[in-house]
Amino acid sequence: MVDADEAAGRTGRPKRADARRNQEALLDAAAAVFVRSGVEAPVRDIAAEAGVGTATIYRHFPTRADLIIGVYRHQVEACAEAGPALLASSPTPYTALARWIDLFVDFLVTKHGLAGVLQSGDAGFETLHAYFLDRLVPVCTGLLDTAAAAGEIRSDLSAYELMRGVGNLCIGAENDPRYDARRLVGVLVTGLRRGQ
């Protein structure tokens, strides 16, 4: 699959800022529809959510697989970019970590909605898990290391372990209204504090 960013790079023309914003809005809308209605939701529902025509979606994402991959990569990038921004804007590194984990939980809710499709054997999906780890483990490591260096949290947990634990706590939460994954993730993150 060649996405619009790769195509723009080959032609030497960067994508216009408004075109990037429009594509990001489309991907956000697709993610929202996928969470609500599943990845098989009609393209017209995604178009309505994004405020565009279906032809616009097909122009950017010719197949459903392209759209799913686009949503997944967009959300990984948003999570990756949020880490340093939260460190810069939060009152403490621990607060930045807790806020980032909250965003990570939001991502996981969408990711679990995509899980069946992502494990379908489609060649386009095979590299997504490695991409996820390559982009997000270093961000989480930076947050953990900064909070540990500030003396706010214990330093004996790796980013991979924390992310895996959070992921495991989120499994199935969308199907059980009695289970509050975010609450249990909060307990886990609180447990990182020194002296806990």
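If you read the sequence from its start, that first residue is 1, and numbering goes on from there.
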The criterion is side-chain contact (heavy atoms from CB on, under 4.5 Å); which residues satisfy it with R36, sequence neighbours excluded?
A32, V33, E49
Give, for atom CD1 of I153 and atom CZ of R193, the distance between the pair rounded to the nearest 0.5 Å.
9.5 Å
Which heavy atom of L103 sits nearest to which heavy atom of A82, and what is that distance?
CD1-CB, 3.5 Å
Indicate whether any N or O donor in one side chain lies under 3.5 Å from an N or O acceptor in the other, for E77 and Y131.
yes
When you measure from the side chain of D66 to the backbone of T63, do you find a donor-acceptor pair of N or O atoms at a distance under 3.5 Å?
yes
Report yes if some heavy atom in the side chain of L192 is under 4.5 Å from a heavy atom in the side chain of L162; otherwise report no.
yes
To the nearest 0.5 Å, what is the distance between CG on L108 and CD1 on I171?
9.0 Å
Can you tell me if R64 uses its side chain to pair, donor with acceptor, with the backbone of V39 under 3.5 Å?
yes
Report yes or no: does S90 contribute a side-chain atom to a donor-acceptor pair with the main-chain N or O of P93 at less than 3.5 Å?
no
Under a 3.5 Å threshold, yes or no: a donor from one side chain and an acceptor from the other, between H60 and N22?
no
Hey, does L136 have a side-chain heavy atom less than 4.5 Å from the side chain of W100?
yes
Could you measure the distance from the CD1 atom of I46 to the CG atom of L27? Nearest 0.5 Å is fine.
10.0 Å
F61 side chain reached by I69 side chain, heavy atoms, under 4.5 Å:
no
Would you confirm whether Y179, through its side chain, and L169, through its main-chain N or O, come within 3.5 Å as a donor-acceptor pair?
yes
Does the side chain of E152 reach to within under 4.5 Å of the side chain of R194, using non-hydrogen atoms?
no
So does V189 get a backbone contact from the side chain of Y94, meaning a donor-acceptor N/O pair under 3.5 Å?
yes
What's the shortest heavy-atom distance between R154 and G191, and which atoms?
CD-O, 3.7 Å
Any side-chain heavy atom of V139 within less than 4.5 Å of one from L143?
yes
Please tell me if the side chains of V166 and I101 come closer than 4.5 Å, counting only heavy atoms from C-beta onward.
yes
Below 4.5 Å, heavy atoms only, C-beta onward: do F104 and V185 meet side chain to side chain?
no
Specify whether F132 and Y72 have parallel, tilted or perpendicular ring planes, treating 30° as the upper limit for parallel and 60° as the lower limit for perpendicular.
tilted
Flag, side chain of T141 to backbone of V137, donor-acceptor distance under 3.5 Å:
yes
pair L26-L67: side-chain heavy atoms closer than 4.5 Å
yes
Taking only residues two or more places apart in sequence, or in another chain, which ones meet D102 in a salt bridge (charged side-chain N to carboxylate O under 4.0 Å, His left out)?
R182
